[in-house]
2 protein chains.
Amino acid sequence: MPNAQDVLFKTLADPTRRALFERLCREGEQTVGALTAQSGVSQPAVSKHLGVLRHAGLVRDRHEGRQTHYSAQPGALGPLIDWTSRMAGFWQSRFDDLEDLLKRMDQ
Amino acid sequence: MPNAQDVLFKTLADPTRRALFERLCREGEQTVGALTAQSGVSQPAVSKHLGVLRHAGLVRDRHEGRQTHYSAQPGALGPLIDWTSRMAGFWQSRFDDLEDLLKRMDQ
DNA sequence: TTCTTCAATAACCAACGGGTTATCGATCAA
DNA sequence: TTGATCGATAACCCGTTGGTTATTGAAGAA
């Protein structure tokens with residue numbers, strides 16, 4: 001029974017997959033071909049990774065002719081942010097010098 | 001060459017390991033025995049997970065007689081928060097670009 | 001139509017990772 | 001000293017996973 005954090009952590013744990021997501025966040029919508037060109041792995045590998053990302057809700061696809069455009073859905077990072085905040089919160093309730101961490105979360 | 005996010009995501013991707021970290025965040029310092037009792041896996045498995053968490057800087061250990069106490073170091077979550085903020089930031093900046101573009105088209 | 005291109009799927013393989021049991025060193029108890 | 005307990009390590013097993021090549025279907029191009 002995988003919860004939201006589970007899926008997100010597992011999905012983002014792979015460097016190649018995380019790099020794809022990062023690229024989509026940085027540069028916006030991309031075709032599979034464009035993503036493959038810079039990924040260092042084969043097109044089927046990219047397609048598989050994109051499928052996993054889509055399953056986690058981190059990207060969406062848009063078909064246009066014979067090419068597929070993928071784009072990031074950073075809203076899906078919500079559960080990750082929640083989990084991290086919760087962990088930091090537990091810690092904060094027991095200790096005080098958390099300012100550095102909180103500052104980073106603030107921006 | 002694994003960067004900080006890489007180590008953190010990989011470390012937290014396993015549910016058993018994440019549960020151990022969560023428990024240490026919630027309840028503070030615990031011995032290996034106490035953690036094992038509620039973990040659902042064997043003591044060697046728990047020791048291995050704690051080793052991985054320690055390597056990622058997420059926990060520290062304190063030896064006292066023949067037992068070892070572990071505690072969470074949530075400050076180590078920093079790079080995770082940084083990464084998430086950065087991704088959300090890219091999203092935001094592209095959104096701003098779009099807004100900017102639409103504004104310019106408006107005039 | 002025929003040929004090419006794009007991306008998804010199939011089939012397969014090797015490596016990794018998380019689990020186990022067995023064991024060992026170290027510490028406390030008798 | 002002897003025996004029990006705590007936790008780390010070793011050795012091993014097996015399922016998962018990330019990669020590959022080959023192939024397929026769909027959509028332009030000629």
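Treat the numbers as computed from the prediction; the structure is a model and nothing was measured. Each chain gets a letter, A, B and so on, in the order its sequence line appears, and its residues count up from 1.
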#### Entry: Spacing of B:Glu27 atom CD and B:Glu22 atom CD [to the nearest 0.5 Å]
10.5 Å
### Task
Quick one: closest heavy-atom pair of A:Val59 and A:Leu50, and the distance?
CG2-O, 3.9 Å
### A:Lys48 NZ to D:dT16 P, straight-line distance once rounded to whole Å
14 Å
### Query
Pick the nucleotide of DNA chain D nearest each of B:Val32 and A:Ala45; which residue has the one closer to the 5' end?
B:Val32
### Task
Check every strand shown and say whether A:Thr36 touches a base, only sugar-phosphate, or nothing at a heavy-atom separation below 4.0 Å.
nothing
### Query
Heavy-atom distance under 4.5 Å between the side chains of A:Leu12 and A:Leu80, does that happen here?
yes
#### Entry: B:Ser47 side chain near D:dG7 phosphate (N/O to OP1/OP2, under 4.0 Å)
no
### Query
Which nucleotide sits closest to the side chain of B:Pro44: D:dG18, D:dA10, C:dA8?
D:dA10
#### Entry: Whole-Å gap separating P (D:dG7) and CD (B:Glu29)
12 Å
#### Entry: Residue-phosphate contact under 4.0 Å: A:Tyr70 side-chain N/O, C:dA8 OP1/OP2
yes
#### Entry: Heavy-atom side-chain contact between B:Cys25 and A:Met87 under 4.5 Å
yes
#### Entry: Nearest-angstrom distance from the residue atom NE2 of A:His55 to P of D:dT17
13 Å
### Query
Between C:dT9 atom C1' and A:His49 atom NE2, what is the distance in whole Å?
15 Å
### Message
Heavy atoms from C-beta onward define the side chain here; which of C:dA7, C:dG18, D:dT20 lies closest to that of A:Thr31?
### Response
C:dA7
### Query
Is the shortest heavy-atom distance from the side chain of A:Leu53 to the side chain of A:Leu20 under 4.5 Å?
yes
### Message
Just so I know, are the side chains of A:Thr36 and A:Thr31 near enough to count as touching, which here means a heavy-atom distance under 4.5 Å?
### Response
no
### Separation of atom CG in A:Leu50 from atom C1' in D:dG18, rounded to whole Å
14 Å
### Message
I'd like to know if B:Val52 and B:Val46 are part of one continuous hydrophobic network [Ile/Leu/Val/Met/Phe/Trp/Tyr, side-chain heavy atoms within less than 4.5 Å].
### Response
no
### Message
At a heavy-atom distance below 4.0 Å, what parts of residues 8-17 of chain A sit against DNA chain D?
### Response
A:Asp14, A:Thr16, A:Arg17
### Task
Name every residue in residues 60-69 of chain B that has at least one heavy atom under 4.0 Å from any atom of DNA chain D, in order of residue number, or write none if there are no such residues.
B:Arg66, B:Gln67, B:Thr68
### Query
Are any side-chain N or O atoms of B:Arg26 and backbone N or O atoms of A:Phe90, one a donor and one an acceptor, separated by less than 3.5 Å?
no
### Message
If I take atom CD from residue A:Glu64 and atom CD from residue A:Glu29, how far apart are they, to the nearest 0.5 angstrom?
### Response
7.5 Å
#### Entry: A:Gln43 CD to D:dT23 P, straight-line distance once rounded to whole Å
15 Å
